[in-house]
Amino acid sequence: MADNTKGRRDFMGMALGGFTALGGIGALYAMKRTWDPLPSVKAAGFTTIDVSAAQENVLNVEKWRGKPIFVLKKSKDMKPDDRDVIVGSDRFLVAVGLCTHLGCIPAYAADEHKFKCACHGGEFDASGHQIFGPPPSPLEIPPFKVEGTKVVLGEEGPEYKKMKEAGLTA
Amino acid sequence: MAHFDENAKPFSQKWLDERLAVSTLKRVLSTEYWIPKNINFLWAMGMVLAATFGLLLVSGIMLLMYYKPDVNLAFDSVNYTIMSEVGYGWLWRHIHGVGASVVFLIIYIHMFVGIYYGSYKRGRELIWLSGMLLFVTFSAEAFSGYMLPWGQMSYWAGMVITNLFSGGSLEAYGLVEWIRGDYVPGDAFLTRFFMLHVLLLPLVIIGLIVLHFGTLRIPHVNNQDGEEFDFEEAAELYKAGKVKESKVIPFNPVFLSKDVFVMGIYFIFFFYLVFYHFEFAMDPVNFDPADGLKTPPHIYPEWYFLWSYEILRPFSKDLGLIAFAIAQVIFFMLPFLDKSPNVAPASRRGLFKYWFWIMLVDMIILTFMGKLPPQGIWNTIGLVAALLFFALWIALPIITKLEKKL
Ligand code: FES
């Protein structure tokens, strides 16, 4: 008799434990999903930038998915780079304007052809390569597609795919 | 069922005793909660903290009534509605802002008093651990609150701190976006930090305060000499009227009177800041509305985070993150890294007395360097101070092992 009750209690304990664990996992999953970005945020769409009027060595800052995008038309004296976005006969730096260290916006020093991040002193050259300080990688290139004199951000064009395969951007 | 006296008048002492055990509660929590005699004013910091937390809670509730957690409305609801429309809204905001800053000053004093007198050692490890948990939760509370006015520093501090979670492979899992609920700090970010700041974290803090007080009950408060004695014996002496011979006093009303005196002085200082120097707790940059397309030229956290921020700075990204993470949790390890058998003030211990002061000065240097722009000589000093910080922790078990038993 005594053994019998113990067996039943153990069973009830395990059943309760099992159901609690199951419910707990379900609840945790629901909580995780609640914290996920909303669909409307994810669908934040595309940004089209017309670069035909861009001037050499003048930094334009556009906005895409809330992030600043650097668009810099390279002048002849800046060395070409594999990461340049070519529109017609012009070369452009198109990059997410957030320092790859901790995400501050670097400022452009036009006379030195350098981006300087004030937060922890990181520096990037005009092609977006990190040349000084703590940033671990070059400025990120957003997915883009070239259409005539326009650059569409958010869409992966063939040029972008090539860069990505070559490991030029994350 | 217990025995209930039919003649007890409702809400009389006896009536309450039978239902709530109020006399027992009072005895256990105050009149027979024994405090050692030889402790100085630095031991009042616990009650000072509790009182400051109370002020933060009340002022926070007042602010909550007019604050709007929405990226378009937040800035004006704070800087216009609360500051100039709501009657005495400025008062609550100043109390809340000054309180949030000063509470860290007192926490640091409280911590370093504990370190100096060895109050984290044998028997009191849980007091120390629960206290450190409180420190970490307070840090999260302060950070989430800093987001709410949605000024430039709020936005960029949010950007930089959440980017800490992009270290190494974490980025690949989209952890940063998950925390923010967006690609950049936006509405989802603001509302979830609002929830954390006004509900979840305060609940955790209150729970931890109860735990922290609970951990004190059995090992009892340490004293100025680290002396170990029998509290029960000492309490018997006190109760027998031998107040002079006894080593303890009851918390209430005897020790509390000292606490109240220290609090009195503290609140003069506190309200002096609230009424005349509230700007020290408010960064001018945060009076510009958040702008995701413009980083302020120099980003730094509030003063109480500067030392750990500076430890992050001189290293490369991943190394910096690891250093930063270690700095955040290393103080938890203190009771286990200090191998000395002595519970005594630092001044009577061996090399530990130098360790204590070097650590304190090093953290002050880190704090100053964290505020200065990252250039030239400041970089070098920051790097040396950061390395010294880790060297000190590595040295701790060795130098305390060498210590002779007192
Ligand atoms: S965020 Fe740019 S150097 Fe740290």
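Hydrogens, waters and symmetry mates play no part in the numbers below; they use all other heavy atoms, side chains included. Reminder, nothing fancy here: chain letters follow the sequence lines and each chain counts from 1.
Of all heavy-atom pairs spanning B:Tyr155 and A:Gly66, the tightest one is OH-O, 4.3 Å. Nearest heavy atom pair, residue A:Arg65 against residue B:Val184, reads O-CG2, 4.0 Å. Closest of all the heavy-atom pairs between B:Met159 and A:Gly103 is CG-O, 3.6 Å. The two residues B:Gly292 and A:Pro68 come nearest to each other via the heavy atoms O-CD, 3.9 Å. Across A:Val41 and B:Tyr183, no two heavy atoms sit closer than the pair O-CE1, 3.6 Å. The two residues A:Cys104 and B:Trp156 come nearest to each other via the heavy atoms CA-CZ3, 4.1 Å.
Applying the 6.0 Å contact sphere to CE of B:Met65 captures more than 12 heavy atoms from other residues, nucleotides or ligands. The neighbour count for B:Trp393 CH2, taken as heavy atoms of other residues, nucleotides or ligands under 6.0 Å away, is above 12. Residue A:Phe132 qualifies as open at atom CZ: its count of foreign heavy atoms under 6.0 Å is 12 or below. By the 6.0 Å contact criterion, OH on B:Tyr80 is open, its count of non-hydrogen atoms from other residues, nucleotides or ligands being 12 or less. Around atom CZ of B:Phe368, no more than 12 heavy atoms belonging to other residues, nucleotides or ligands sit under 6.0 Å away.
Of the residues considered (A:Ile105, A:Asp36, A:Leu38, A:Val61), A:Ile105 shows the highest number of contacts with chain B, using heavy-atom pairs under 4.5 Å.
For the atom pair A:Glu62 CD and B:Leu293 CG, the distance stands at 9.5 Å (nearest 0.5 Å).
Inspection of non-hydrogen atoms places B:Arg192, B:Met195, B:Leu196 of residues 187-198 of chain B under 4.5 Å from chain A.
Using a 4.5 Å cut-off on side-chain heavy atoms (C-beta onward), B:Leu312 and A:Leu102 make contact. With a 4.5 Å cut-off on side-chain heavy atoms, A:His120 and B:Tyr309 count as touching.
Contact of A:Lys116 with chain B is not made at all, since no heavy-atom distance falls under 4.5 Å. Interface residue A:Thr34: only backbone heavy atoms are found under 4.5 Å from chain B. No part of A:Ile69 comes within reach of chain B, as not one of its non-hydrogen atoms sits under 4.5 angstrom from that chain.
Residue pairs that meet the salt bridge (Lys or Arg N to Asp or Glu O under 4.0 Å) test with at least one member in residues 143-162 of chain B, sequence neighbours left out, do not exist here.
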